[in-house]
Protein chains: 2
Amino acid sequence: MNKSFDVLSTLKKSSLFQNAPQNILTELAELATVLKFDKNQEIFGEGEKALGFFLVLDGMVKIYKLSPKGKEQIIHILGPGDVFAEIVLGGAETYPVYAQTLSKVKLAFFEKQKFLNLVQRKPEIALNLLALFAGKLKTLVKQIENLTLKGAGERLLSYLWDLSKEGKQSIFTLNISKSQIALLLGITPETLSRLIQKFKDEEILEIKGKKVKLINPEKIKNFISS
Amino acid sequence: MNKSFDVLSTLKKSSLFQNAPQNILTELAELATVLKFDKNQEIFGEGEKALGFFLVLDGMVKIYKLSPKGKEQIIHILGPGDVFAEIVLGGAETYPVYAQTLSKVKLAFFEKQKFLNLVQRKPEIALNLLALFAGKLKTLVKQIENLTLKGAGERLLSYLWDLSKEGKQSIFTLNISKSQIALLLGITPETLSRLIQKFKDEEILEIKGKKVKLINPEKIKNFISS
DNA sequence: TTAAAAATTTGATTTAAATCAAGGAAAAAT
DNA sequence: ATTTTTCCTTGATTTAAATCAAATTTTTAA
């Protein structure tokens, strides 16, 4: 069947299940429901009843918080192979954040109880889950570090540095719009625009549309860790 | 033996183990090493080899990040019953943060592999672990929300509101110094001082030393959720 | 108890980034 | 292909909070 194949191939690539044996992967694929979304659709809202968690099969998703005044802070940007809303497995009754698509998206949905039953029968998955949670914890702590201990410029360079795989890939393409990057970095689009201009003037990097070129990776490396 | 008794009573109170059966609690207590620290001692530093995790038996501990310039952001403040560095159970090789005591402290240390062996033998603990991780994730997301979507004043009131148990306890005592609160809220001591003065003038609260009195809980509630 | 050190408060000034405003470029829809 | 809408850029101004500086209070230690 086409569905199982689709899900299976992404399951294997996902960090959560990549080392799982074939029989478990097949069970997981059977267990999953495939969901399709258009661009800019809400997947779930904060406070909504949490029924299960998701694996991104295709497209980009953002996880974010809204202030009462409508200001948005992106917590995570997710792509193929990434898992989100896994917090339900820790007993959360409602989603504590918003989730929205940034493109056409295909998701695998895992109903909480069904998945936990599988974990009970195959406890070795629990270790994968712990690793997944630990990874998210580390990401969030890094996010706090970036937002509180770094200035806007440093945050931007740090973000681009990560996208370039620590400078190994000095030319690459942004996978989300600049306004979304601003929301992730906790700055306004205006500030982002000005920073890009400044770094261009300083001949540190070049950005044309979504194409990025790091001209002086050494300078960037120094700047983000000093 | 005195040691086992000490550890056991706190284990029962901790959210991680509170619902565990007696036999597991006893095993856990046997497995733990009790460590004692003076005030302002480093427990571990960022990048240090992660050998296990900790349960606070007595005293206060802070988990924090440092910028290259020495600026500090507190991630968590922990007291009796709280667990920290649990990230090692997800496979982390090094601690990603600093941990330091804020008072005389007694800790139970659980060596990673010993603990994981116990989890293997008693997989029901894994669910507790997932809940622990999920709780931390939620706390960190809330921290990001506070730091990015709220102003300094709102963050302070939000913090005090939580200490007052959502206003149920309008008189209470701060368990850490004001300068540490400032580091947690991501502001300077000067700003904290001025905010307290302002809220006094507005007759919203009174703070004398470590004694806090919320004069107008309704106003606070409104302020932090509007 | 008193001296020394540390933490807190208050004042003056600076600064990083937000906001407000408008024009230009790119993307999407017709 | 052209219009419409959304996104991005640039400029002028404001603002929240940081920094710098110094006095005062609290805590710790001799």
Side-chain angles (χ1 to χ4, degrees), chain A residues 38-41 60 62 67 69-74 100-104 146-159 173-201 205-212 223, chain B residues 38-41 60 62 67 69-74 100-104 146-159 173-201 205-212 223:
Chain A
D38 283 336
K39 189 176 173 178
N40 295 330
Q41 262 196 291
M60 302 297 293
K62 69 172 170 182
S67 81
K69 287 149 206 150
K71 197 182 160 196
E72 175 180 332
Q73 174 65 49
I74 295 180
Q100 195 178 50
T101 61
L102 292 174
S103 65
K104 272 191 128 184
N146 284 338
L147 290 167
T148 59
L149 299 178
K150 292 178 179 171
E154 210 173 339
R155 290 208 292 282
L156 171 58
L157 290 183
S158 200
Y159 174 73
T173 304
L174 300 175
N175 51 11
I176 53 174
S177 72
K178 284 174 190 161
S179 51
Q180 297 300 313
I181 292 175
L183 290 174
L184 179 64
L185 299 179
I187 59 180
T188 58
E190 292 97 321
T191 297
L192 177 59
S193 201
R194 279 185 258 266
L195 285 171
I196 289 173
Q197 192 51 54
K198 185 175 143 257
F199 291 137
K200 262 182 195 162
D201 293 348
L205 49 77
E206 259 172 34
I207 301 188
K208 267 242 182 307
K210 287 198 154 53
K211 302 273 175 219
V212 182
F223 191 75
Chain B
D38 284 335
K39 189 176 174 177
N40 295 330
Q41 263 196 291
M60 303 297 292
K62 69 173 169 180
S67 81
K69 287 148 205 151
K71 196 183 160 196
E72 174 180 332
Q73 174 65 49
I74 295 180
Q100 196 179 53
T101 60
L102 292 174
S103 65
K104 272 190 128 181
N146 284 338
L147 290 166
T148 59
L149 298 179
K150 291 178 181 172
E154 211 173 340
R155 290 209 292 283
L156 171 57
L157 290 184
S158 199
Y159 174 73
T173 303
L174 300 175
N175 51 12
I176 54 174
S177 73
K178 285 174 188 161
S179 51
Q180 296 301 313
I181 291 175
L183 290 174
L184 179 64
L185 299 179
I187 59 180
T188 58
E190 293 96 320
T191 297
L192 177 59
S193 202
R194 278 185 259 268
L195 285 172
I196 290 174
Q197 193 51 53
K198 185 175 143 260
F199 291 138
K200 262 182 195 163
D201 293 347
L205 50 75
E206 259 172 31
I207 301 187
K208 266 242 183 307
K210 286 199 156 53
K211 301 275 175 217
V212 181
F223 192 75

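Residue numbering restarts at 1 for every chain, and letters A, B, ... go by the order of the sequence lines. Just the heavy atoms: all of them, side chains too, but no hydrogens, waters or symmetry mates, feed the values below.
- Note on A/Ser193: a base of the nucleic acid sits closer than 4.0 angstrom, heavy atoms only.
- Considering only residues two or more places apart in sequence or on other chains, B/Thr191 meets the side chain to side chain donor-acceptor pair (under 3.5 Å) condition with B/Thr188.
- C/dA7 atom P lies 13 Å from atom CD1 of B/Ile176, rounded to whole Å.
- Nucleotide C/dA27 holds its P atom 16 Å from the CG atom of A/Leu102, rounded to whole Å.
- If you measure from atom CG of B/Leu185 to atom P of C/dT8, you get 13 Å, rounded to the nearest angstrom.
- Regarding contacts with the backbone of C/dA26, every side-chain N or O of A/Lys178 stays at 4.0 angstrom or more from both OP1 and OP2.
- Comparing the C1' positions of C/dA25 and D/dA12 gives an interatomic distance of 22 Å, to the nearest angstrom.
- Listed by chain and residue number, B/Gln197 satisfy the side chain to side chain donor-acceptor pair (under 3.5 Å) test with B/Asp201 (two or more places apart in sequence, or in another chain).
- Between its two ends, the helix from C/dT1-D/dA30 to C/dA22-D/dT9 turns its axis by 50°, counting five pairs per end and rounding to 10 degrees.
- In this view, B/Ser158 and B/Lys150 satisfy the side chain to side chain donor-acceptor pair (under 3.5 Å) rule, not counting sequence neighbours.
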Under 3.5 Å, which donor-acceptor pairs do the side chains of residues 175-184 of chain B form with other protein atoms, sequence neighbours left out?
unit_1	atom_1	unit_2	atom_2	d
B/Ser177	OG	B/Ser179	OG	3.1
B/Ser177	OG	B/Gln180	N	3.3
B/Lys178	NZ	B/Gly209	O	3.3
B/Gln180	OE1	B/Lys62	NZ	3.0

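- Heavy atoms of other residues, nucleotides or ligands lying less than 6.0 angstrom from NZ of B/Lys211 number 12 at most.
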Using the side-chain contact (heavy atoms from CB on, under 4.5 Å) rule, take B/Met60 and B/Thr101 through it: C-alpha gap first, then chi angles, then the decisive distance, then the call. CA-CA 6 Å; B/Met60 303 297 292; B/Thr101 60; over 6 Å; no
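- Residue A/Lys104 places its NZ atom among 12 or fewer non-hydrogen atoms of other residues, nucleotides or ligands, all under 6.0 Å distant.
- One can place NZ of B/Lys200 at 13 Å from C1' of C/dT10, the figure rounded to the nearest angstrom.
- Going from atom NZ of B/Lys208 over to atom P of C/dT8 covers 15 Å, rounded to whole Å.
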Nucleotides 12-30 of chain D: protein proximity per nucleotide (B base, S sugar-phosphate only, - neither; heavy atom, under 4.0 Å): B----SSBB-------S--
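- The distance from atom NZ of B/Lys198 to atom C1' of C/dT10 is 16 Å, rounded to the nearest whole Å.
- Side-chain nitrogen and oxygen atoms of B/Gln197 include none within less than 4.0 Å of the OP1 or OP2 phosphate oxygen of C/dT9.
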